[in-house]
Novice: 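Below you will find the structure I want to go over with you.
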2 protein chains.
Amino acid sequence: MAERGGGPRPGGRSARVQAAVHRAARDLLARMDRAEVTIPLIAAEAGVTPSTIYRRWGELNELLADVAVERLRPDMVPVETGHGRGDLLAWAEQYAEEMSSGLGREMIRDVLAAEGGTGPRRCCSYARQQIALIAERAAARGEAFPSLDAVLDGVLAPILFRILFDEALGPARVGELVERVFEGDRRVDDP
Amino acid sequence: MAERGGGPRPGGRSARVQAAVHRAARDLLARMDRAEVTIPLIAAEAGVTPSTIYRRWGELNELLADVAVERLRPDMVPVETGHGRGDLLAWAEQYAEEMSSGLGREMIRDVLAAEGGTGPRRCCSYARQQIALIAERAAARGEAFPSLDAVLDGVLAPILFRILFDEALGPARVGELVERVFEGDRRVDDP
DNA sequence: CCTCCAAACGCAAAGAATTTGCTTTTAGCG
DNA sequence: CGCTAAAAGCAAATTCTTTGCGTTTGGAGG
């Protein structure tokens with residue numbers, strides 16, 4: 001029913017409609033309150049009929065989650081500072097800042113609100129890839145670097161947890177978390 | 001608009017309606033798929049008109065979030081094992097298990113999906129209270145115990161992060177997290 | 001190049017949910 | 001014992017969602 005993701009074939013009609021709908025949704029989210037955005041509105045903006053959207057996405061949450069996951073995909077490689085700890089710190093600080101914004105928070109919530117669990121998984125995997133890349137670079141330089149799970153649980157988890165349930169962490173606290181994940185037992189086993 | 005929480009006055013008509021609606025929502029959630037539950041359905045089950053619910057809660061998400069926060073409120077004090085680390089471990093394991101269930105995950109998502117940020121805050125504060133209680137008991141015994149923030153970021157955050165974005169953590173990993181939060185800098189006076 | 005096919009879209013009617021104006025009930029108060 | 005403000009009921013109007021059916025489209029095979 002859902003058929004999220006890149007679409008069936010690149011270049012087909014299906015892909016064009018999906019692109020138009022995504023763009024329309026992004027535009028509307030940018031210029032009006034999230035609660036006022038409806039499927040008929042997006043359809044009108046995209047130049048398609050509502051039933052097309054209902055058939056492809058099923059409900060507003062699925063569509064918005066789809067759009068949010070797309071926007072959450074990292075668009076650049078993590079900056080290189082010369083050592084793994086600096087790379088991770090820079091990445092974590094930028095990540096925390098982006099996600100702490102009003103728009104960032106809304107996108108995360110949209111992703112979580114969708115039915116199928118694939119959206120959150122994809123977001124997690126995006127972060128995983130970025131961290132793995134930093135870890136690889138560190139390993140190539142012969143540095144010790146914490147395991148992927150340690151970084152996920154020790155840095156990413158607190159950042160997202162605080163954004164969702166409490167108050168977003170500031171850069172100072174993010175720095176502490178990065179420091180802490182480098183302390184103690186370093187498991188370099190994970191590539 | 002929302003008027004979540006305990007209700008205006010205990011015993012009034014308002015409180016009775018709220019209780020009836022909450023119960024109806026819980027019953028329906030228990031016996032049918034979450035996606036099929038609608039406000040008119042809940043209204044019928046509760047014996048009120050839909051417009052009452054619309055006026056009080058605004059939309060389905062708000063109502064379900066309200067119900068979920070209620071159910072997420074801890075109903076007992078953390079078990080006493082004799083020392084803080086054991087208390088925290090027992091609490092964390094039980095928390096992780098409860099939240100990892102299908103029902104637990106749905107409740108968390110409901111809480112997060114609501115508009116106002118008060119639901120997630122309240123859930124966080126429930127956990128805070130439980131942890132603070134464990135910490136107080138430890139302090140009363142003269143034990144060292146990690147700071148509240150350290151526990152939130154080091155134990156609670158990974159548990160919830162994995163449930164929401166990845167795969168729920170097993171008891172073994174939860175135990176590791178508890179161990180780790182007791183390592184390193186303890187910001188409470190030494191034992 | 002042409003024809004055929006399945007997938008996807010548009011249209012419009014039917015069905016369901018949401019909003020809203022107005023009336024009625026109720027609990028608390030003087 | 002009335003009075004009043006808040007909350008609920010009722011019903012009409014509006015908006016969203018679903019669905020059946022005909023049309024278009026892009027691609028595969030001849």
Side-chain angles (χ1 to χ4, degrees), chain A residues 1-25 27-29 31-67 70 110 113-116, chain B residues 1-25 27-29 32-67 110 113-116:
Chain A
M1 179 193 279
E3 187 150 357
R4 312 177 200 78
R9 257 166 275 258
R13 175 175 53 159
S14 209
R16 280 200 307 277
V17 168
Q18 164 156 355
V21 170
H22 272 223
R23 183 161 5 92
D27 288 357
L28 289 177
L29 284 175
R31 71 164 172 277
M32 65 193 337
D33 200 48
R34 194 200 164 290
E36 325 246 307
V37 176
T38 65
I39 286 188
L41 254 180
I42 297 173
E45 174 85 9
V48 301
T49 60
S51 64
T52 294
I53 296 183
Y54 283 115
R55 279 201 246 255
R56 267 180 81 123
W57 282 279
E59 57 169 329
L60 185 59
N61 270 346
E62 296 293 324
L63 170 54
L64 293 186
D66 204 15
V67 172
E70 202 76 10
D110 284 342
E115 281 304 317
Chain B
M1 179 198 277
E3 186 152 355
R4 313 178 199 78
R9 255 166 276 258
R13 174 174 55 158
S14 210
R16 279 200 307 277
V17 168
Q18 165 157 352
V21 170
H22 273 222
R23 184 163 4 92
D27 287 357
L28 288 177
L29 284 175
M32 65 194 336
D33 201 46
R34 194 199 163 291
E36 326 245 309
V37 176
T38 66
I39 287 187
L41 254 179
I42 297 173
E45 176 84 9
V48 302
T49 61
S51 64
T52 294
I53 296 183
Y54 284 114
R55 281 202 242 255
R56 268 179 80 122
W57 282 278
E59 56 170 330
L60 185 60
N61 270 347
E62 296 294 325
L63 169 55
L64 293 185
D66 204 15
V67 172
D110 284 342
E115 282 304 316

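Chain A is the first sequence line, chain B the second, and so forth, proteins listed ahead of strands; every chain is numbered from 1. Computation of the quantities below employed the complete heavy-atom set of this structure, encompassing side-chain atoms and omitting hydrogens, waters and symmetry-equivalent molecules. For clarity, every value in this text was computed on a predicted model and none was experimentally measured.
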Novice: Distance check needed: dA7(C) P versus Gln18(A) CD, whole Å only.
Specialist: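 These atoms are roughly 18 Å apart.
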
Novice: Without decimals, in angstroms, what is the distance between Arg56(B) CZ and dA7(D) P?
Specialist: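 Roughly 8 Å, once rounded to whole Å.
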
Novice: Given atom CG of Leu41(A) and atom C1' of dT15(D), what is their separation to the nearest angstrom?
Specialist: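 Those two atoms, CG and C1', are 11 Å apart.
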
Novice: Figure out the CG/P separation between Asn61(A) and dC16(D), and round it to whole Å.
Specialist: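 Whole-Å distance recorded here is 16 Å.
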
Novice: Looking only at N and O atoms, is any donor in the side chain of Ser14(A) or the base of dC9(C) less than 3.5 Å from an acceptor on the other one?
Specialist: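 Absent.
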
Novice: Between Ile39(B) (CD1) and dC16(D) (P), how many Å, whole number?
Specialist: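 Ile39(B) atom CD1 is separated from dC16(D) atom P by 16 Å.
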
Novice: Quick one: is Thr49(B) getting a side-chain N or O under 4.0 Å of the dG9(D) phosphate, OP1 or OP2?
Specialist: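 Answer yes for this pair, as a side-chain N or O of Thr49(B) is under 4.0 Å from OP1 or OP2.
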
Novice: Looking at the side chain of Val17(A), which of dA17(C), dG9(D), dC9(C) is the nearest nucleotide?
Specialist: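 Output: dC9(C).
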
Novice: Report the distance from atom CZ of Arg55(A) to atom C1' of dG10(C), rounded to the nearest whole Å.
Specialist: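 Spelled out: CZ on Arg55(A) to C1' on dG10(C) is 9 Å.
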
Novice: Rounded off to whole Å, could you give me the CH2-to-P distance for the Trp57(B) and dA7(D) pair?
Specialist: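 Taking CH2 of Trp57(B) and P of dA7(D), I get 12 Å after rounding.
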
Novice: Taking donor-acceptor contacts at under 3.5 Å, does the side chain of Arg13(B) reach the base of dG9(D)?
Specialist: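 Side chain to base: no pair present.
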
Novice: Write down the distance between CZ (Arg16(A)) and P (dA7(C)), rounded to a whole number of angstrom.
Specialist: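 So the two atoms are 19 Å apart, to the nearest Å.
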
Novice: Could you go through the side-chain contact (heavy atoms from CB on, under 4.5 Å) check for Glu45(A) and Leu41(A) one step at a time?
Specialist: CA-CA 6 Å; Glu45(A) 174 85 9; Leu41(A) 254 180; over 6 Å; no

Novice: Which residue, Val48(A), Val67(A), Leu29(A), Val37(A), forms the side chain to side chain contact (heavy atoms under 4.5 Å, CB included) with Ile42(A)?
Specialist: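 Per the side chain to side chain contact (heavy atoms under 4.5 Å, CB included) rule, the option paired with Ile42(A) is Val37(A), out of Val48(A), Val67(A), Leu29(A), Val37(A).
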
Novice: Between the side chain of Glu115(A) and the main-chain N/O of Glu62(A), is any donor-acceptor distance below 3.5 Å?
Specialist: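 Between the backbone of Glu62(A) and the side chain of Glu115(A) there is no qualifying donor-acceptor contact (under 3.5 Å).
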
Novice: Below 4.5 Å, heavy atoms only, C-beta onward: do Val21(A) and Arg56(A) meet side chain to side chain?
Specialist: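 Sidechains of Arg56(A) and Val21(A): no contact.
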
Novice: In terms of the nearest nucleotide of DNA chain D, which residue is placed more toward the 5' end: Ser51(A) or Glu36(A)?
Specialist: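 So the residue in question is Glu36(A).
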
